[in-house]
**Student:** 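Here's a structure for you.
Letters A, B, ... mirror the listed sequences (proteins, then strands); counts begin at 1. These values consider heavy atoms only, across backbone and side chains, with no hydrogens, waters or symmetry-generated copies.
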There are 4 protein chains.
Amino acid sequence: MISDDQKQKLTEKQKGILSAATELFAEKGYAATSTSEIAKKAGVAEGTIFRHYKTKKELLISVVSPVMVKFLAPVIKRDLNKVLGQEFETFQDFIRAMIENRIEFVKKNLSLIRIVIQELPFHSDLKKQFMEHIGIDVFNQFRQIVKHYQDKGQIIEMYPDTIIRVMGSSIFSYIMARYVFIPEADWNDEEEIERILFILTNGISTNKE
Amino acid sequence: MISDDQKQKLTEKQKGILSAATELFAEKGYAATSTSEIAKKAGVAEGTIFRHYKTKKELLISVVSPVMVKFLAPVIKRDLNKVLGQEFETFQDFIRAMIENRIEFVKKNLSLIRIVIQELPFHSDLKKQFMEHIGIDVFNQFRQIVKHYQDKGQIIEMYPDTIIRVMGSSIFSYIMARYVFIPEADWNDEEEIERILFILTNGISTNKE
Amino acid sequence: MISDDQKQKLTEKQKGILSAATELFAEKGYAATSTSEIAKKAGVAEGTIFRHYKTKKELLISVVSPVMVKFLAPVIKRDLNKVLGQEFETFQDFIRAMIENRIEFVKKNLSLIRIVIQELPFHSDLKKQFMEHIGIDVFNQFRQIVKHYQDKGQIIEMYPDTIIRVMGSSIFSYIMARYVFIPEADWNDEEEIERILFILTNGISTNKE
Amino acid sequence: MISDDQKQKLTEKQKGILSAATELFAEKGYAATSTSEIAKKAGVAEGTIFRHYKTKKELLISVVSPVMVKFLAPVIKRDLNKVLGQEFETFQDFIRAMIENRIEFVKKNLSLIRIVIQELPFHSDLKKQFMEHIGIDVFNQFRQIVKHYQDKGQIIEMYPDTIIRVMGSSIFSYIMARYVFIPEADWNDEEEIERILFILTNGISTNKE
DNA sequence: AATGAATGAGTGTTCATTCAT
DNA sequence: TATGAATGAACACTCATTCAT
């Protein structure tokens, strides 16, 4: 499913094509999905797809690009003020807010996110675009945020990249496991998130000195 | 590359086919790799592949199954004693040893691991097999280990699954990022691992009381 | 390029379509040219072509018909008087004048002539139309002209059709080789034509008795 | 139809494909012939065509190359001795022999020759190959032959290229008109050839002095 | 009159799989 | 056991043509 505002300028047919492509790519993978299947599911002629997207690859990019941007948008420069402007008292509060916000987004864009995860490794052009234009910005923003809370004395003085990576992967892995890979299991979001945050802030060790 | 003992009972041709398939599946994905490519790379006739593996899918399974088992083998019941038998003094030591051990394995089986990660979501049969026969066993073993160190008073009394997941994802994500997704970057394994372990044991918070 | 008077009653769009079609048919052949290419080159919408020409074939006919008529027009009945009226003293003068006149025409209509030559064999309807309505008239005119100069005692008494064919093919082949097939070579028109005329009138044999 | 010796090393299927392609290309043109038609006519699966010829274009070349070589083979260097070895008393005898020989060839390879004539202009690679590797050799051979008979005093002292072109085009045009373009008409080969030769040797002029 | 989105049959080509040798 | 020619369904993509605007 594609969120509504992404489709504002598209015709009904185009929306149908994008929706069908999204669902099928997510379900079977890009290479294993045929354009004729997409056409059938979208209720259009096969030729219509190629009127709007010159190649199947272009269709993939049209499906995948917006979600890559949107997933990380809140942390990209222009949105930083919004986040930091709210001035969370503790780093924990900041992270909690961010997790909740991103979970909402993932819930709404499950299929798209599956596609990005699956296809990125096989399309070096997509990967490059993602890494260079988005990944680096995001990492830089997080570095500032970490430093912000290190300055406030709330976070240990450790190389920020490692902190980001450990936290990021813990949170990202949870979201992925919870919503993408094992959605059928019985989860209690709030409790889990609190536990993860607790571990990340206090560690699993009992001996504090 | 496939480790030698996996191929003991196979003919030279079969080894060639498995090697070729492994490399190509890892590079381009299962669906985007043709059997004729595999045959060419393996230096056999197209028909020969189908003499040994009834279908292309069966070839995928033959490529993927052993690595799934082997990656998690050290934690599966019959191997548990080996691990716990070494009786690591602290949980940290245990984890450090395990990380180092798995990193060696990943280095040797890069292609295979990429394939598993990429293809598992699209092959519900593989996924089921993996989850039911391997995943559950592994999780159970880890639960015992966590409880073992909780009983020794080294780990906080928290729901073990969350502990396993946070730790597992942190470590797994690092290994993946380091060896599979961004191998081109400049990494210092030892330092990174120590930092990750530090965060996991002590948390990122400064106020310990 | 199409000469201006052929387009007098046509709208600008139609002229554009005919010009574009002419160039593309000449360059790539009728079957290998798509209507969308023609539309693009003509700067009109795809639909516009089919507003003026019911089918692609009809467009070909519209492109090709005028040039077929015009190429042979000077020898068709109604134009004969003009030609013979000038009353060339010798058959050689007549031929020389005709060659020069037709070379001018070919130069101006290169593309169109290529199309006719290439497509005629594959469109039996076009071929029939050409042979019946034009070819026969032309041949008849030439027969009269040959007889005219045979009566004047300038040409040997031989079956006129053979004379026409040998002369026609020599001249036509030269024009084709010169302007259509090998235009890149370095030609000296005047000299070549004189040599051809010399051979045709005197033959290549040295023993005249 | 393809002459038997061209097909000696080919499988039955390949022969069928070449024959079908030849007939269809000749009838409808290369671009207007689909590979599925060829497959149907040849009684093979469509995939079989592409097992033997990587692309449709390669099939065209396989169809067309041998005939281009063979048509002009008798005049190419290594075959020259055979021709001149017969030592024709007069140039006329030489030409007559050559015409008869080439007419036999054309009769046997009608379809192929049509294809060459029609497709050469649209395939600049084929054209180049033909011009450079064959056309030049042939012209050089003919220059020697013309000089040979000029030295014997049988042919006027004129730039050989023009002589070759006028004669060549006259003969070639006759063969084409007779067998390729208007085969349905009623022709008397022997008489026509004698008349053409007479014109070419004596010219059409009556005033011999 | 002109547009261009939409069509669906058709294109050249690739595919996994079979089978006679 | 191993081959590779043969298959025909499926593939991504293009085409001439239609039609609502």
**Student:** Set out, line by line, the N/O atom pairs under 3.5 Å between protein and nucleotides 15-18 of chain E.
**Tutor:**
{"unit_1": "E/dA16", "atom_1": "OP1", "unit_2": "B/Thr33", "atom_2": "O", "d": "3.3"}
{"unit_1": "E/dA16", "atom_1": "OP1", "unit_2": "B/Lys56", "atom_2": "NZ", "d": "2.9"}
{"unit_1": "E/dA16", "atom_1": "OP2", "unit_2": "B/Thr35", "atom_2": "N", "d": "2.6"}
{"unit_1": "E/dA16", "atom_1": "OP2", "unit_2": "B/Thr35", "atom_2": "OG1", "d": "2.8"}
{"unit_1": "E/dT17", "atom_1": "OP2", "unit_2": "B/Lys56", "atom_2": "N", "d": "2.7"}
{"unit_1": "E/dT17", "atom_1": "O4", "unit_2": "B/Glu46", "atom_2": "OE1", "d": "3.4"}

**Student:** According to side chain to side chain donor-acceptor pair (under 3.5 Å), who are the partners of A/Gln14, at least two apart in sequence or on a separate chain?
**Tutor:** A/His52, A/Tyr53
**Student:** Can you check the A/Glu12 CD to E/dT7 C1' distance for me, whole Å?
**Tutor:**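 From A/Glu12 CD to E/dT7 C1': 18 Å.
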**Student:** Do A/Lys56's NZ or CZ and the ring of A/Tyr30 fall within the cation-pi criteria of under 6.0 Å and 45°?
**Tutor:**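 Judged by the rule, A/Lys56 and A/Tyr30 form a cation-pi pair.
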**Student:** Partners of C/Ser36 by side chain to side chain donor-acceptor pair (under 3.5 Å), sequence neighbours excluded?
**Tutor:** C/Ser34
**Student:** I'd like to know if B/Lys40 pairs up with B/Glu46 as an ion pair, taking the criterion as any Lys NZ or Arg NE/NH1/NH2 lying under 4.0 Å from an Asp or Glu carboxylate oxygen.
**Tutor:** no
**Student:** Hey, is B/Glu37 close enough to B/Lys28 for a salt bridge, meaning N to O under 4.0 Å?
**Tutor:** yes
**Student:** Tell me the interatomic distance from D/Lys15, atom NZ, to F/dA5, atom P, rounded to whole angstroms.
**Tutor:** 16 Å
**Student:** One thing to verify: whether B/Lys15 and B/Glu12 come together as a salt bridge, which I'm taking to mean a side-chain N less than 4.0 angstrom from a carboxylate O.
**Tutor:** yes
**Student:** Take atom CD of A/Gln14 and atom P of E/dT7, then tell me their distance rounded to the nearest Å.
**Tutor:**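 Computing the A/Gln14:CD to E/dT7:P distance gives 13 Å.
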**Student:** Rounded to whole Å, how long is the line connecting atom NZ of D/Lys40 with atom P of F/dG8?
**Tutor:** 14 Å
**Student:** Would you mind reading off the distance between A/Leu60 atom CG and F/dC13 atom C1', rounded to a whole angstrom?
**Tutor:** 17 Å
**Student:** Output all residues satisfying side chain to side chain donor-acceptor pair (under 3.5 Å) with A/Thr33, sequence neighbours left out; order by chain, then residue number.
**Tutor:**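 In terms of side chain to side chain donor-acceptor pair (under 3.5 Å), with neighbours along the sequence ignored, A/Thr33 is linked to no residue.
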**Student:** Given atom CG of C/Leu59 and atom P of F/dC15, what is their separation to the nearest angstrom?
**Tutor:**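 So the CG-P distance, C/Leu59 to F/dC15, works out to 15 Å.
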**Student:** Can you list the residues that meet the side chain to side chain donor-acceptor pair (under 3.5 Å) rule with A/Lys128, with sequence neighbours excluded?
**Tutor:**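 Scan of A/Lys128 (side chain to side chain donor-acceptor pair (under 3.5 Å), adjacent residues dropped) gives none.
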**Student:** With pairs defined as Watson-Crick or G-U wobble and both distances under 3.5 angstrom, please note down DNA chain F as a dot-bracket string, | for pairing with another strand.
**Tutor:** .||||||||||||||||||||
**Student:** How close or far is atom P of F/dC11 from atom CD1 of A/Ile49, stated in whole angstroms?
**Tutor:**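 Between P of F/dC11 and CD1 of A/Ile49: 12 Å.
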**Student:** Keeping the roles fixed (side chain from C/Thr48, backbone from C/Val44), state whether a donor-acceptor pair exists under 3.5 Å.
**Tutor:**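 Checked: no pair found.
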**Student:** So which one's nearest nucleotide on DNA chain E is more toward 5', C/Thr48 or A/His52?
**Tutor:**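 Counting from the 5' end, the first nearest nucleotide belongs to C/Thr48.
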**Student:** Give the rounded distance in Å between these two atoms: CD1 of A/Ile38 and C1' of F/dC11.
**Tutor:** 12 Å
